[in-house]
Asks: 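The structure is given below, and queries will be raised subsequently.
The basis for the numbers below is simple: all heavy atoms, side chains too, and nothing from hydrogens, waters or symmetry mates.
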Amino acid sequence: MTGRLAGKVALITGGSRGQGECEVRRFVTEGARVVVGDVLDEEGKTLCERLNQPEHVATYVHLDVRNAHEWEAAVGTAGRDFGGLDVLVNNAGVLSMAGVEAMTEDEWDRVTGINQKGVWLGMRQAVAAMRDRGGGSIINISSIYGLVGSPGSVAYHASKGAVRLMTKAAALEYAAEGIRVNSVLPGIIATPMLEGLSAEQRKALDTVTPLGREGTPEEIANVVLFLASDEASFVTGTEIVADGGYTAA
């Protein structure tokens, strides 16, 4: 443990598996206490049980990010179990490949509800708790597809683009209170979200990525860790693109 997050309390959504789980593990290694929010209850509880040896460093809460009451409970858990909240990582997200005509209203509402509304609800609930601590850091996970287009995935593009600009708006709104708000824009990352793609589709994405491969959840967790730490004390309202050069090509 190097203690880059020593004394900090974090809430990470979508933390039961994939990129979120990697962030949870990295935060704990760096000295943070973490509330893990997800709808994957068994996975989340098992993760926390494994991390809580020999001391209590992680608590699991059921959190559907579209539900304001569950957000209130999750932030309350951070205060009750660990004394407050310093860091929020809005990591939960879903992918839909449907294009404009194929997209249904129900699917549009599901994708934007989780990816976009969930981020807003999280920020709204977290800022009061961070204000009590004299500041904090909010990290919103957007995507390279909040920067560039692709055929299909219209709701995903819409929601991730919204996350970028909500981040900038919130950063300006809360800068005077010492609450930093930034976004991370991952490229093609080897997580369960890619399981719906064929091997040929994934190979094609590797081909158009200048580094020639998918990123790892650990590489994104490193970026999130930096933004959560005091090393990023002068960084707010910006986005960090971690995409192997995809959007530079």
Asks: What distance do Asp86 atom CG and Arg33 atom CZ have between them, rounded to the nearest 0.5 Å?
Replies: 12.0 Å
Asks: Carefully, step by step, assess Asn90 and Ile141 under the rule side-chain contact (heavy atoms from CB on, under 4.5 Å).
Replies: CA-CA 6 Å; Asn90 275 312; Ile141 306 300; 6.0 Å; no
Asks: Any sub-3.5 Å donor-acceptor pair from Arg133's side-chain atoms to Gly83's backbone N or O?
Replies: yes
Asks: Rounded to the nearest 0.5 Å, how far does CG of Asp41 lie from OG of Ser16?
Replies: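 Reported value, rounded in 0.5 Å steps: 7.5 Å.
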Asks: Judged by atom type as modelled, is there a donor-acceptor pair below 3.5 Å linking the side chain of Gln125 to the main-chain atoms of Gly122?
Replies: no
Asks: Rounded at 0.5 Å granularity, tell me how far CD in Glu218 sits from CD in Gln19.
Replies: 10.0 Å
Asks: Strictly by salt bridge (Lys or Arg N to Asp or Glu O under 4.0 Å), give each pair with a member in residues 201-211 just once, sequence neighbours left out.
Replies: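 Checked against salt bridge (Lys or Arg N to Asp or Glu O under 4.0 Å) - neighbours excluded - the pairs reaching residues 201-211 are Arg202-Glu214.
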Asks: What verdict does the side-chain contact (heavy atoms from CB on, under 4.5 Å) test give for Arg180 and Phe234, after you've listed the backbone C-alpha separation in whole Å, the side-chain angles of each residue and the deciding distance to 0.1 Å?
Replies: CA-CA 8 Å; Arg180 299 183 294 106; Phe234 200 55; over 6 Å; no
Asks: In Å, rounded to the nearest 0.5 Å, how long is the span from CD of Glu72 to CG of Leu121?
Replies: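 Answer rounded to 0.5 Å: 11.5 Å.
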Asks: Could you please spell out the steps behind the side-chain contact (heavy atoms from CB on, under 4.5 Å) verdict for Glu23 and Val34?
Replies: CA-CA 10 Å; Glu23 292 161 2; Val34 181; over 6 Å; no
Asks: Please identify each residue that fulfils salt bridge (charged side-chain N to carboxylate O under 4.0 Å, His left out) with Glu49, with sequence neighbours left out.
Replies: none
Asks: So does Thr13 get a backbone contact from the side chain of Asn91, meaning a donor-acceptor N/O pair under 3.5 Å?
Replies: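 The answer is yes, because a donor-acceptor pair under 3.5 Å joins these two groups.
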Asks: Can you tell me how far OG of Ser183 sits from CG of Leu147, rounded to the nearest 0.5 angstrom?
Replies: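 One finds 8.5 Å between CG of Leu147 and OG of Ser183.
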Asks: Evaluate the ring planes of Tyr145 and His157, with Trp represented by its six-membered ring, and classify them as parallel (under 30°), tilted (30 to 60°) or perpendicular (over 60°).
Replies: perpendicular
Asks: What are the two closest heavy atoms between Ser137 and Ala228, and how far apart are they?
Replies: OG-CA, 3.8 Å
Asks: Under a 4.5 Å cut-off applied to non-hydrogen side-chain atoms, are Glu30 and Leu225 in contact?
Replies: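 Yes, at least one pair of side-chain atoms sits under 4.5 Å.
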Asks: Strictly distance-based, threshold 3.5 Å: is any side-chain N or O of Glu43 a donor or acceptor partner for the main-chain N or O of Arg17?
Replies: no
Asks: Which atom pair, heavy atoms only, marks the closest approach of Ala78 to Val9?
Replies: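 Closest pair (atom of Ala78, atom of Val9, distance): CB-CG1, 4.1 Å.
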Asks: Whether Arg110 engages the ring of Trp108 as a cation-pi pair (distance to the six-membered ring centre under 6.0 angstrom, angle to the ring normal within 45°) should be assessed.
Replies: no
Asks: Any side-chain to backbone donor/acceptor pair from Ser143 onto Lys160? Under 3.5 Å, distance only.
Replies: no
Asks: Go through it in stages, so that I can follow the logic: the residues are Ile139 and Val184, the test is side-chain contact (heavy atoms from CB on, under 4.5 Å), and I'd like the CA-CA distance, side-chain angles, deciding distance and then a yes or no.
Replies: CA-CA 7 Å; Ile139 301 111; Val184 177; 3.8 Å; yes
Asks: Short question: side chain of Asn182, backbone of Gly237 - any donor-acceptor pair under 3.5 Å?
Replies: yes
Asks: Say you draw a straight line from OH of Tyr246 to CG of Leu205; how long is it, rounded to the nearest 0.5 Å?
Replies: 6.0 Å
